[in-house]
Amino acid sequence: MSTTVSKQQVTPELRKWIVEQAQAGHGAESVLKAMLASGWSEEVAVDAMETTLRGHLESQAVAQGLPPGVPVPDPDLAESPLYIDAGDRRVGVLQSMYNPRVVVFGNLLSGEECEQLIALATPRLARSLTVATKTGGEEVNADRTSNGMFFQRGENDLVQRIERRIARLVRWPEENGEGLQILQYGPGAEYKPHYDYFDPNEPGTPTILKRGGQRVGTLVMYLAEPEKGGGTVFPDVHLEVAPKRGNAVFFSYDRAHPSTRTLHGGAPVLQGEKWIATKWLRERRFE
Ligand code: PD2
Ligand code: ZN
């Protein structure tokens, strides 16, 4: 016996009605209820609402002069999992928020992996540079008082293993990642709040974008925890993530604009030493 399911069509009229309901201040629940009452299946109704409202917000944003939104790395949290299978490791999901998109992961790295990264990085540390937005080169920046180094992508087995794990965790190609950066912050060191995307209005940005497009996501992994201070802060939403060894904070930004609310910084270390590994993810293959 076969079952026939009639395919319900989402028409332009329905999309217009959904947008009107939202504009009139009706919540998602009541709009959904009205759709179910007029015979829509729940699956089609939810999908129609999501895609219509997302599309509407996107066209509004572009109409207001914002750069268009692009796909971003995106861990699969659809069913609110407590753990994600990242291939060779089961990673905890400790906290997530949608706007800004921030996810805190637990136990992404083992204690041994943290120690090994620190040991490999130590002889190669130098005062951290930031990208000079005027020229696209690099410069010492008073806003970033840490020491750091970059591994090449896939430079050794350990780095390769971690990069593969990250790619699976956030569902983004390994080749779109910049090399892993290791940073060491002593007492008083900090990274003042900034955005990780490149400012489209800076003259050096077109040069930077040639190597793989915009940054669209960041993963900060904590390798060694200070006794006090050193959290990763998101001032727009008053969020502070504790720099716990082995844990990580991920955030994504679908356009190079403050509307992503991804302003973030490394709070000053008050006591002890903080070490992190940062993975920045680009739109395309990073060369
Ligand atoms: O160390 C941090 O918590 C931090 C804060 C802001 C790291 C970064 N940004 C970064 O590496 O982009
Ligand atoms: Zn940053």
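Indexing begins at 1, ligand by ligand and atom by atom, following the structure's order. Atoms considered below: every heavy atom in the structure, side chains included; atoms not considered: hydrogens, waters and symmetry mates.
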Ring-face cation of K274 near Y185 (centre distance under 6.0 Å, axis angle within 45°): yes

Residue, atom name and distance, where the atom is the protein heavy atom closest to atom 4 (C) of ligand 1: Y185 OH, 3.7 Å

Transitive ILVMFWY side-chain link V216 to M221, under 4.5 Å: yes

N or O pair under 3.5 Å between Y222 and ligand 1: no

Geometric cation-pi criterion, R215 with Y197: 6.0 Å, 45°: no

For G265, atoms of ligand 1 separated by under 4.0 Å from a heavy atom: 5 (C), 6 (C)

Pairing of D254 and R101 as salt bridge, 4.0 angstrom limit: no

Atoms in ligand 1 flagged as close to W280, the criterion being non-hydrogen separation under 4.0 Å: 10 (C), 11 (O), 12 (O)

Exercise: do Y195 and T260 side chains pair donor with acceptor under 3.5 Å: no

Axial cation check for F151 ring with R153, 6.0 Å and 45° limits: no

Distance-only N or O hit between ligand 1 and Y191, under 3.5 Å: no

Residues E174, K279: salt bridge by 4.0 Å N-O rule: no

Residues R54 and E58 bridged, charged N to O under 4.0 Å: no

For G266, the ligand 1 atoms whose distance to one of its heavy atoms is below 4.0 Å: 2 (C), 3 (O), 5 (C), 6 (C)

Nearest-neighbour protein heavy atom for atom 7 (C) of ligand 1, which is reported as residue plus atom name and distance: I276 CD1, 3.7 Å

Within one Ile-Leu-Val-Met-Phe-Trp-Tyr cluster: V103 and I162, side-chain cutoff 4.5 Å: yes

Atom 2 (C) of ligand 1: the protein heavy-atom neighbour that sits closest, reported with distance to 0.1 Å: K274 NZ, 3.2 Å

Any N or O of T218 closer than 3.5 Å to N or O of ligand 1: no

Atoms of protein origin (N, O or S) under 2.8 Å from the Zn ion (ligand 2): H194 NE2, D196 OD1, H264 NE2

Identity and distance of the protein heavy atom lying nearest atom 3 (O) of ligand 1: T232 OG1, 2.6 Å

Student check: side-chain heavy atoms of D85 and R168 closer than 4.5 Å: yes

Minimum-distance protein heavy atom relative to atom 6 (C) of ligand 1: H264 CD2, 3.0 Å

Any N or O of Q181 closer than 3.5 Å to N or O of ligand 1: no

Salt bridge flag under 4.0 Å for residues R15 and E13: no

Numbered atoms of ligand 1 (with element) below 4.0 Å of D196, judged on heavy atoms: 12 (O)

Atoms of ligand 1 close to H194 [distance to a heavy atom under 4.0 angstrom, numbered from 1]: 6 (C), 9 (N), 12 (O)

Ionic contact status for E287 with R211, cut-off 4.0 Å: no

Check: F234 ring centroid to F251 ring centroid under 6.0 Å: yes

Residue and atom name of the nearest protein heavy atom (relative to atom 11 (O) of ligand 1), distance in Å to one decimal: T278 OG1, 2.8 Å

